[in-house]
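Notes follow the structure.
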Amino acid sequence: MFLEIDHLTMQFGGLIAVNDVSINIEKGEIHGLIGPNGSGKTTIFNVLSGYYKPSGGKIIFEGRQISGLSAHQITAAGFARTFQNMRLFKSMTVMENLLVAMGYRAKVGLWQEIFNPVAVHREEQRFTEKALELLDLLEVAEFANELAISLPYGHQRRVEIARAMATDPKVILLDEPAAGLNEIETEELRKILTNIHERGITILLVEHDIKLVMEACEIITVLDYGKKIAEGTAVAIRKDPVVIEAYLGKEGNQ
Ligand code: ADP
Ligand code: MG
């Protein structure tokens, strides 16, 4: 198995946010993770990306246990994510946001810049080209030199995905990427997800927009109160009475 969430539990004091959840994710899959507010979706992402150490269970990625590793080590293993509340560097340009994610500054020392400016320039060009290619994939290349904060919200969300891609991830975790987007922007996002998918990157998608999840995901896991209550294709999930009761039935109350 490519990515295995194995009996994962995450407890905060008396609250069990994730309760004995197991999910198997195949390489290259677009896997949806849905459930009402507070059902543990973001917490699973936080454990996957190394922000929390699980209270129980483990995560195995490409045969190696990664739960317990630091966020930095998990990034190095091939994980990238976006956040429910966007975390772009707003006072930087779009391009700078990507260059920082690629670790560009960290790789070029001051001495190198003084004594080997040609090599530094070449290095910068290589990073810039790669960033532009990703911005192009996300259809925001024309804004490369604009401040991130000056972009419309929907475009900022795409820049955030481009930035996550900049670390060359094998797995990308998207936490409600359609939040705040209108219908047209959401449809554009769906196409972008397909483009990312076609690059062979595995996508885990947490999303409230059920239509988007149903259209984009090959398989969907449903959570309720921290527990996995269902898993299957969009067609199967839509018909599952347990899901209708727990999730779709509550839609109006959220
Ligand atoms: P979702 O993303 O599905 O809306 P979350 O994973 O954010 O849900 O939250 C699941 C539950 O865990 C909620 O009850 C939330 O309040 C709680 N929770 C999440 N993170 C923490 C934390 N760091 N400390 C305490 N409780 C938390
Ligand atoms: Mg959440």
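All ligand and atom numbering here is 1-based and tracks the order in the structure. In this chain, residues are counted from 1 in sequence order. The model shown is predicted, which means the values in this text are computed figures rather than measured ones.
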- How far is atom 26 (N) of ligand 1 from its nearest protein heavy atom, and which residue and atom name does that atom have? F12 CD1, 3.4 Å
- Item | Sub-2.8 Å protein N, O or S atoms surrounding the Mg ion (ligand 2) | T42 OG1, Q84 OE1
- Task: State whether R158 and E188 are salt-bridged, where the test is any N-O pair (Lys NZ or Arg NE/NH1/NH2 against Asp/Glu carboxylate O) under 4.0 Å.
- Result: yes
- among protein heavy atoms, the one nearest atom 7 (O) of ligand 1 is T42 CB, 3.7 Å
- Query: Below 3.5 angstrom, do we get any N/O pair linking K41 and ligand 1?
  - Reply: yes
- Message: So which atom in P36 and which in A246 form the shortest heavy-atom distance, rounded to 0.1 Å?
- Response: CG-O, 3.6 Å
- Message: So that I can tick it off, tell me whether K58 and E4 are bridged by a salt bridge, with the cut-off set at under 4.0 angstrom between side-chain N and carboxylate O.
- Response: no
- Item | Closest protein heavy atom to atom 14 (O) of ligand 1, given as residue, atom name and distance to 0.1 Å | L15 CD2, 3.7 Å
- Task: Return yes when at least one protein heavy atom is under 4.0 Å from atom 16 (O) of ligand 1, and no when none is.
- Result: no
- Note on the structure: Distance col, row R199:CZ vs M165:CE, nearest 0.5 angstrom, shows 5.0 Å
- Message: Consider side chain to side chain donor-acceptor pair (under 3.5 Å). Of H31, K41, K228, which one does T221 pass it with?
- Response: H31
- Write out the residue and atom name of the closest protein heavy atom to atom 23 (N) of ligand 1, then the distance separating them to 0.1 Å. Y52 OH, 3.0 Å
- G38 N/O under 3.5 Å from ligand 1 N/O: yes
- Heavy-atom contact under 4.0 Å between F45 and ligand 1? no
- Just distances here: any N/O of N37 and N/O of ligand 1 closer than 3.5 Å? no
- Working for side-chain contact (heavy atoms from CB on, under 4.5 Å), residues I219 and E29: CA-CA 8 Å; I219 184 149; E29 193 167 79; 3.4 Å; yes
- Message: Working to the nearest 0.5 angstrom, can you tell me the gap between R81 CZ and L173 CG?
- Response: 6.5 Å
- Query: With a 6.0 Å cut-off on ring centres, are F79 and F61 close enough?
  - Reply: yes
- Note on the structure: re atom 12 (O) of ligand 1, the protein heavy-atom contact at minimum distance is A17 CB, 3.2 Å
- Query: Checking N97 side chain against F89 main chain: does a donor-acceptor pair fall under 3.5 Å?
  - Reply: yes
- At what distance is the nearest protein heavy atom to atom 5 (P) of ligand 1, and which residue and atom is it? T43 OG1, 3.6 Å
- Message: Please confirm whether G40 approaches ligand 1 to less than 4.0 Å, judged on its heavy atoms.
- Response: yes
- Item | E146 (side chain) donor-acceptor with F143 (main chain) under 3.5 angstrom | no
- Answer with side chain, backbone, both or neither: which part of N46 has a heavy atom less than 4.0 angstrom from an atom of ligand 1? neither
- Message: Regarding K130 and D168, does a basic nitrogen lie under 4.0 Å from an acidic carboxylate oxygen?
- Response: yes
- Query: Does the pair Y52 and F12 meet the rule for a ring-ring contact (aromatic ring centres under 6.0 Å, His included), with working shown?
  - Reply: CA-CA 10 Å; Y52 300 140; F12 299 108; 5.2 Å; yes
